[in-house]
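Below: the structure, in structure tokens.
Model, not experiment: these values are computed from the prediction.
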Number of protein chains: 2
Amino acid sequence: MSLRHAVLGLLSESPASGYDLMKLFNASLTSVWPATQSQVYGELNKLTTAGLVEVAAHGPRGRKEYAITDDGLAELRHWLTEVAPTGPQRHDGLLRVFFLGILTPLEAQSYLLTQAETAARAHTAYEQIDRTAEWDDEMISVYGRIALEYGLRMSTTMEEWARWAADEVTSAKARKAGELARAQRGRERPEQDEQPAGERHSGD
Amino acid sequence: MSLRHAVLGLLSESPASGYDLMKLFNASLTSVWPATQSQVYGELNKLTTAGLVEVAAHGPRGRKEYAITDDGLAELRHWLTEVAPTGPQRHDGLLRVFFLGILTPLEAQSYLLTQAETAARAHTAYEQIDRTAEWDDEMISVYGRIALEYGLRMSTTMEEWARWAADEVTSAKARKAGELARAQRGRERPEQDEQPAGERHSGD
DNA sequence: CTTATCATGTAATCCGTTACATGATTGC
DNA sequence: GCAATCATGTAACGGATTACATGATAAG
């Protein structure tokens with residue numbers, strides 16, 4: 001139910017039209033709560049019916065400027081203080097990690113290093129925003145800066161983790177090669193030292 | 001479209017029934033790709049129609065044991081190697097941060113410190129898993145360990161960030177109080193005692 | 001024989017995505 | 001006049017959530 005609260009939150013800063021809100025979503029909330037135009041207009045109508053926002057002014061081209069109501073502000077406060085956040089839920093990049101075992105170690109490493117680069121690029125983008133934005137001492141921007149810092153720290157951790165993980169794959173490969181060598185020495189029917197591409201791991 | 005790939009991924013490790021898969025989802029994939037029972041059973045039927053999995057055996061109580069097909073494995077490999085991950089998209093905990101300005105600084109701090117505690121508890125839970133799980137040297141568990149490390153590192157970063165953020169709120173409050181005092185005195189008198197614990201790292 | 005577990009499914013509803021449709025006003 | 005921008009909406013589709021429905025079998 002958080003699209004509703006994202007809209008209420010933006011309107012708590014200043015009145016805006018659906019069109020304005022879309023710009024705000026794309027400018028500042030893309031990475032935490034993306035929304036499409038359909039969604040925003042639909043939600044504004046629902047919020048109006050529920051009495052949490054109201055049309056404060058009509059402008060040219062059928063523009064409707066929405067403002068948050070007292071009920072809306074109460075709902076926003078309630079959400080901020082009483083409703084427990086759930087945290088990020090789905091992460092398809094990490095989901096893939098669980099299944100990297102079906103790839104060759106080299107392919108798996110390549111995947112992890114790509115992840116590292118993606119994180120590094122994200123970090124650079126956040127730094128860019130940090131430099132570009134004017135961080136005046138207003139309360140509003142204190143929290144904007146805090147959210148940005150989250151992005152900066154998370155992308156750093158992500159990159160470090162991915163590089164470490166790629167390295168772990170190397171170590172594991174080495175360990176496995178060692179085991180194979182030992183097994184070869186111990187038995188009479190040695191196998192090839194490289195596994196082609198179709199090796200299954202059903203022997204557990 | 002990643003539910004499909006989560007199911008394929010689990011079936012690539014061993015054949016399983018829908019019931020088994022649900023246990024696996026709840027045991028190991030809850031935090032990266034949660035799925036409900038309806039979804040899993042529905043997806044298995046779709047996957048069977050698409051020829052990516054097949055019913056390998058029938059058991060008691062109408063149990064259907066599914067196995068991944070060659071086409072399914074090819075699809076899984078394709079997804080792992082060719083399809084770019086999108087990363088986590090929605091984060092309602094961070095979304096709230098953007099709107100903490102409508103709360104009092106104390107309420108905002110309380111929110112951030114609760115986030116820190118949640119992260120700390122998550123970290124402890126991951127450590128518990130780390131200690132409990134048997135990390136044999138199989139390839140499968142290499143990647144399980146890597147995914148767990150992600151959780152460990154991210155929860156640490158999250159906790160540190162939240163504590164830092166709570167601190168920032170204090171500094172901002174202090175700055176604002178300072179401004180008010182200066183405005184009251186009505187004269188210019190620059191002071192240098194502020195900024196208690198605010199170590200910056202993106203040196204500007 | 002009764003309960004817990006195993007096992008599969010359907011229906012309703014909501015949320016999110018993509019695409020389509022339409023029109024008013026401003027600036028050149 | 002024409003293009004860019006401003007501005008709002010609807011329709012179709014698929015994914016996710018919740019609730020409901022049903023029954024078989026193993027264990028006590």
Side-chain angles (χ1 to χ4, degrees), chain A residues 1-8 10-11 15-27 29-50 53-67 79 83 86-92 95, chain B residues 1-8 10-11 15-27 29-50 53-67 79 83 86-92 95:
Chain A
M1 283 272 302
S2 287
L3 170 65
R4 155 160 307 205
H5 300 106
V7 170
L8 286 174
L10 290 173
L11 288 177
S17 67
Y19 192 85
D20 295 338
L21 288 174
M22 270 316 294
K23 280 190 291 186
L24 291 169
F25 266 99
N26 291 329
L29 299 184
T30 341
S31 47
V32 284
W33 207 271
T36 62
Q37 184 250 42
S38 313
Q39 266 183 299
V40 168
Y41 283 107
E43 194 61 47
L44 282 169
N45 287 325
K46 280 192 241 167
L47 283 165
T48 308
T49 308
V53 306
E54 62 189 1
V55 178
H58 288 267
R61 283 169 284 208
R63 175 189 172 93
K64 291 190 259 180
E65 194 163 73
Y66 292 90
W79 175 71
V83 184
T86 59
Q89 295 276 65
R90 283 159 224 278
H91 191 149
D92 69 334
L95 177 62
Chain B
M1 284 273 301
S2 286
L3 171 66
R4 156 160 306 204
H5 301 106
V7 170
L8 285 174
L10 290 174
L11 287 177
S17 68
Y19 193 85
D20 294 338
L21 288 174
M22 271 317 294
K23 280 191 292 188
L24 291 169
F25 266 99
N26 291 328
L29 298 184
T30 342
S31 46
V32 284
W33 208 272
T36 62
Q37 184 250 42
S38 312
Q39 266 183 299
V40 169
Y41 283 106
E43 192 62 46
L44 281 170
N45 287 325
K46 280 191 241 168
L47 283 165
T48 308
T49 307
V53 306
E54 62 189 1
V55 179
H58 289 266
R61 284 168 285 208
R63 174 190 173 92
K64 291 190 258 179
E65 193 163 75
Y66 292 89
W79 175 72
V83 184
T86 59
Q89 296 277 65
R90 285 158 223 278
H91 191 150
D92 69 335
L95 176 62

To the nearest 0.5 Å, what is the distance between CG on B/L3 and CD on B/Q39? 5.0 Å

Within this structure, what is the CD-CZ distance for the pair A/E43 and A/R4, rounded to the nearest 0.5 Å? 5.0 Å

For [X] and [N], give me the distance from atom [atom1] to atom [atom2], rounded to whole Å.
| X | N | atom1 | atom2 | answer |
| --- | --- | --- | --- | --- |
| A/R90 | C/dG16 | CZ | P | 11 Å |
| B/E43 | D/dG14 | CD | P | 12 Å |
| B/Q39 | D/dG14 | CD | C1' | 11 Å |
| B/D92 | C/dG16 | CG | P | 12 Å |
| B/Q89 | C/dC15 | CD | P | 18 Å |
| B/L21 | C/dC6 | CG | P | 14 Å |
| A/W33 | C/dC15 | CH2 | P | 11 Å |
| B/M22 | D/dT18 | CE | P | 12 Å |

With sequence neighbours excluded, what pairs up with A/L10 under the side chain to side chain contact (heavy atoms under 4.5 Å, CB included) test? A/L21, A/L24, A/F25, A/L29, B/F99

Within the 4.0 Å heavy-atom criterion, would you say B/R4 contacts the bases, only the backbone, or no part of the nucleic acid? nothing

For B/E65, what residues pass the salt bridge (Lys or Arg N to Asp or Glu O under 4.0 Å) criterion, not counting sequence neighbours? B/R63

For B/L44 against B/V7, the heavy-atom pair lying closest together: CD2-CG1, 3.9 Å

List the atom of B/V40, the atom of B/A35, and the distance in Å for their closest heavy-atom pair.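 Shortest heavy-atom separation between B/V40 and B/A35 comes out as CG2-CB, 4.1 Å.
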
Can you build the contact string for nucleotides 5-12 of chain D? Use B for base contact, S for sugar-phosphate-only contact, and - for no protein heavy atom under 4.0 Å. BBBBBBB-

